[in-house]
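Some notes on the structure that comes next.
None of the values given here were measured: they were computed from a predicted structure. Heads up: numbering here begins at 1 and tracks the sequence.
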Amino acid sequence: MNRLAWMALACAATLATWTGAAGAQESAQSYPSKPIRIIVTFPAGGPTDIVARAIGQKLQEAWGQPVIIDNRAGAGGNIGMAVAAKSPPDGYTLVLSSFGPVSISPFVYSKLSYDPIKDLAPITLATTSSFFLVVNPEVPANSLKEFVAFAKARPGRVTLASSGIATPSHLAAMLFQSVAGVSVTHVPYKGGAESIPAVVSGQVQGALENGAAVLPQVKAGKLRALVVASSQRSPLMPDVPSAKELGLPGLEVGSWYGFHAPAGTPQAIIAKLNAEMVKALRSPDLRKRFAEISAEPVGDTPAEFSAFIEADARKWGKLIQAAGLKVE
């Protein structure tokens with residue numbers, strides 16, 4: 001190729017780059033020009049749905065475009081995540097992701113139709129919610145230390161309920177065994193609507209579960225909260241000590257919700273979504289609304305959310321692989 005032809009190709013390539021950049025910038029400036037869909041990976045009415053609808057309403061108010069909530073429940077959130085991963089990367093399909101389908105599913109399912117790291121682009125971590133170790137009041141343990149001693153004296157005979165195999169509460173029970181050095185028996189149920197009543201009735205002795213699921217029962221005196229699985233106390237139950245202050249700093253587990261777009265969505269659109277979502281998460285009315293479902297608003301950058309996901313996946317992946325936990 002002669003010098004003149006090379007220069008012509010270089011000029012054409014530069015022009016194409018400028019044109020593409022200008023087109024992306026124009027697209028971001030006019031975004032959104034039509035309705036936005038937010039996929040929710042669990043049924044309507046639950047915490048995931050509440051968070052998505054609250055943020056969606058704020059986006060709708062800010063931009064004057066309808067925000068449609070599309071509930072795609074099933075397979076522990078995997079179905080909705082797969083739909084989002086295969087959607088056009090134009091900013092008009094988002095998904096409210098969570099702990100299970102992002103940090104657990106890639107390690108426990110042998111066949112997963114999406115990769116949460118490669119197929120989805122982080123926008124922001126929306127909320128977090130702490131897990132609490134609760135026991136039936138008949139269990140002779142008024143503190144974490146007493147419960148650990150109780151379990152060590154009865155290896156394999158103390159029972160902890162979960163909302164199902166490979167669910168966050170199951171993983172929380174596995175983590176408790178690992179860091180506390182105890183052996184307990186896992187009793188899976190079909191969701192929290194079954195597992196928490198089982199602890200209340202005494203069929204099972206305890207559970208590590210989301211604060212929203214156990215708070216009403218703790219307040220009613222039907223469950224006893226021994227510890228919050230966190231490095232600091234929760235405003236939800238400030239009298240309950242943290243795992244760190246009780247000498248189990250490795251016992252950190254909580255649910256979280258965050259927004260993703262399909263991979264390849266223009267960065268300018270991601271930035272625009274992030275700015276508006278963070279603004280919404282800092283609004284007093286949403287903070288009050290989320291407190292009702294025991295969720296604490298966050299609102300961080302895409303890079304920070306990405307780092308959070310990678311650290312969370314490493315932590316749970318290591319635990320799952322060590323336990324050999326698999327779901328076909």
Side-chain angles (χ1 to χ4, degrees), residues 99 104 128-189 192 194-255 294 312 315-325:
F99 173 29
I104 297 178
T128 60
S129 184
S130 300
F131 271 45
F132 291 80
L133 173 60
V134 295
V135 296
N136 181 280
E138 296 298 318
V139 173
N142 293 304
S143 67
L144 177 64
K145 182 178 179 180
E146 290 179 359
F147 184 71
V148 170
F150 178 73
K152 285 185 175 180
R154 298 161 181 79
R157 288 189 287 153
V158 172
T159 52
L160 290 182
S162 83
S163 53
I165 298 292
T167 60
S169 53
H170 179 196
L171 271 291
M174 289 174 57
L175 182 64
F176 172 68
Q177 288 192 92
S178 175
V179 300
V182 298
S183 175
V184 301
T185 296
H186 169 234
V187 184
Y189 288 84
E194 292 185 8
S195 63
I196 299 305
V199 183
V200 171
S201 68
Q203 296 175 42
V204 186
Q205 290 163 305
L208 262 156
E209 190 54 90
N210 190 296
V214 301
L215 179 61
Q217 307 297 344
V218 172
K219 285 186 172 181
K222 296 179 179 179
L223 291 176
R224 181 186 300 133
L226 302 181
V227 64
V228 56
S230 174
S231 61
Q232 57 188 10
R233 296 194 180 203
S234 167
L236 186 64
M237 290 187 255
D239 293 335
V240 178
S242 72
K244 183 177 181 179
E245 66 185 276
L246 293 182
L248 285 182
L251 185 60
E252 289 194 36
V253 56
S255 59
S294 309
D312 204 47
K315 171 183 176 178
W316 294 110
K318 183 178 179 180
L319 182 68
I320 292 166
Q321 290 168 347
L325 181 62

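A heavy-atom distance below 4.5 Å is found between the side chains of Leu223 and Ile196. Side-chain contact between Arg224 and Phe147: absent, with no pair of heavy atoms (C-beta onward) separated by less than 4.5 Å. Counting only heavy atoms from C-beta outward, the side chains of Ile104 and His170 never approach each other to under 4.5 Å. For the pair Gln177/Ser183, a side-chain contact is recorded, criterion being any heavy-atom separation below 4.5 Å from C-beta on. Looking at heavy atoms from C-beta onward, Arg233 lies in side-chain contact with Glu245 at the 4.5 angstrom threshold. Put simply, the side chain of Met237 reaches to within 4.5 Å of the side chain of Val214, judged on heavy atoms.
Atoms CG and CG, from Leu208 and Leu251 in turn, are 6.0 Å apart once rounded to the nearest 0.5 Å. Annotation: the span from Leu325 atom CG to Leu171 atom CG amounts to 7.0 Å, rounded to 0.5 Å.
Counting heavy atoms of neighbouring residues, nucleotides and ligands inside a 6.0 Å radius, atom NZ of Lys315 exceeds 12 of them.
When atom types are taken as modelled, the side chain of Ser195 and the backbone of Tyr189 share no donor-acceptor pair closer than 3.5 angstrom. Of the possible polar contacts, none joining the Thr185 side chain to the Thr159 backbone as a donor-acceptor pair under 3.5 Å is found.
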Show the atom names and distances, to 0.1 Å, of all donor-acceptor pairs under 3.5 Å that link a side chain in residues 128-138 to residues at least two apart or in another chain.
unit_1	atom_1	unit_2	atom_2	d
Ser129	OG	Asn210	OD1	3.2
Ser129	OG	Ser294	O	2.7
Asn136	OD1	Glu138	N	2.8
Asn136	ND2	Val199	O	2.9
Asn136	ND2	Val200	O	3.0

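Considering Ser169, Ser162, Ser163 in turn, Ser162 is the only one that fulfils the side-chain contact (heavy atoms from CB on, under 4.5 Å) rule with Pro188.
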Exercise. Walk me through it: do Val158 and Val139 pass the test side-chain contact (heavy atoms from CB on, under 4.5 Å)?
Key: CA-CA 10 Å; Val158 172; Val139 173; over 6 Å; no

